[in-house]
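One structure is given here, and the rest of the page talks about it.
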Amino acid sequence: MDDIVAHMKRAYKPRKVNAVFYECPHCGGKRAVAVVPGYPDEFMMQECLGKVIELGGCIIDGKMSNRACPDCEKQWTAQKGEGNPRVVE
């Protein structure tokens, strides 16, 4: 896994993007992010390196989580409008 992360850091230079963070219902952390499904493009890879999104994988099914917390490493499914998003520039 470390080899993959090292390759990603060399191949994709992180850039500043507006981030949307959510509050984690499990630990109360303020840095939970959206889980984005599908094959990642260069922009998604940059957002992942910047810890602005979590990559959800290429296989999309009806049971996927749409939020992830880097603090407690839990994933969950938030309903539309749930989570009080906080935008950080």
Side-chain angles (χ1 to χ4, degrees):
M1 185 65 152
D2 291 335
D3 293 340
I4 294 170
V5 172
H7 171 72
M8 286 172 49
K9 286 183 178 178
R10 284 192 304 273
Y12 303 100
K13 305 282 189 270
R15 63 185 173 130
K16 187 153 176 77
V17 295
N18 288 342
V20 178
F21 295 104
Y22 302 88
E23 184 173 334
C24 176
H26 302 284
C27 72
K30 306 284 188 207
R31 299 182 316 131
V33 296
V35 176
V36 180
Y39 190 83
D41 60 11
E42 183 176 343
F43 182 71
M44 287 173 65
M45 295 298 282
Q46 291 172 354
E47 287 185 318
C48 181
L49 284 173
K51 301 187 190 292
V52 177
I53 64 168
E54 176 85 19
L55 296 178
C58 298
I59 299 173
I60 301 170
D61 64 17
K63 299 177 185 173
M64 291 186 67
S65 301
N66 62 6
R67 301 281 187 271
C69 178
D71 297 331
C72 66
E73 298 183 356
K74 295 205 185 256
Q75 292 191 356
W76 70 97
T77 301
Q79 301 303 316
K80 187 173 182 177
E82 177 184 332
N84 299 324
R86 180 174 53 91
V87 178
V88 178
E89 293 185 21

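These numbers come from the heavy atoms of this one structure, side chains and all, not from hydrogens, waters or symmetry mates. All values derive from a computational prediction rather than experimental measurement.
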Going from CH2 on W76 to SG on C24, what distance comes out if it is rounded to the nearest 0.5 angstrom?
-> 4.0 Å
When rounded to the nearest 0.5 angstrom, what is the spacing between CD in E73 and CD in E54?
-> 9.0 Å
List in chain and number order the residues that pass side chain to side chain contact (heavy atoms under 4.5 Å, CB included) with [X], two or more places apart in sequence or in another chain; answer none if no residue qualifies.
X: A34; answer: R67
X: K51; answer: none
X: P70; answer: R31
X: M44; answer: V36, P40, D41, I53, L55

Between C69 and H26, is any pair of side-chain heavy atoms under 4.5 Å apart?
-> no
Please examine the side chains of V33 and Y22, heavy atoms only from C-beta on, and report whether any two atoms are closer than 4.5 Å.
-> no
Indicate the atoms forming the closest heavy-atom contact of G29 with D71, along with that distance.
-> CA-OD2, 3.7 Å
Between M64 and P37, what is the shortest heavy-atom contact and its length?
-> CE-CB, 3.7 Å
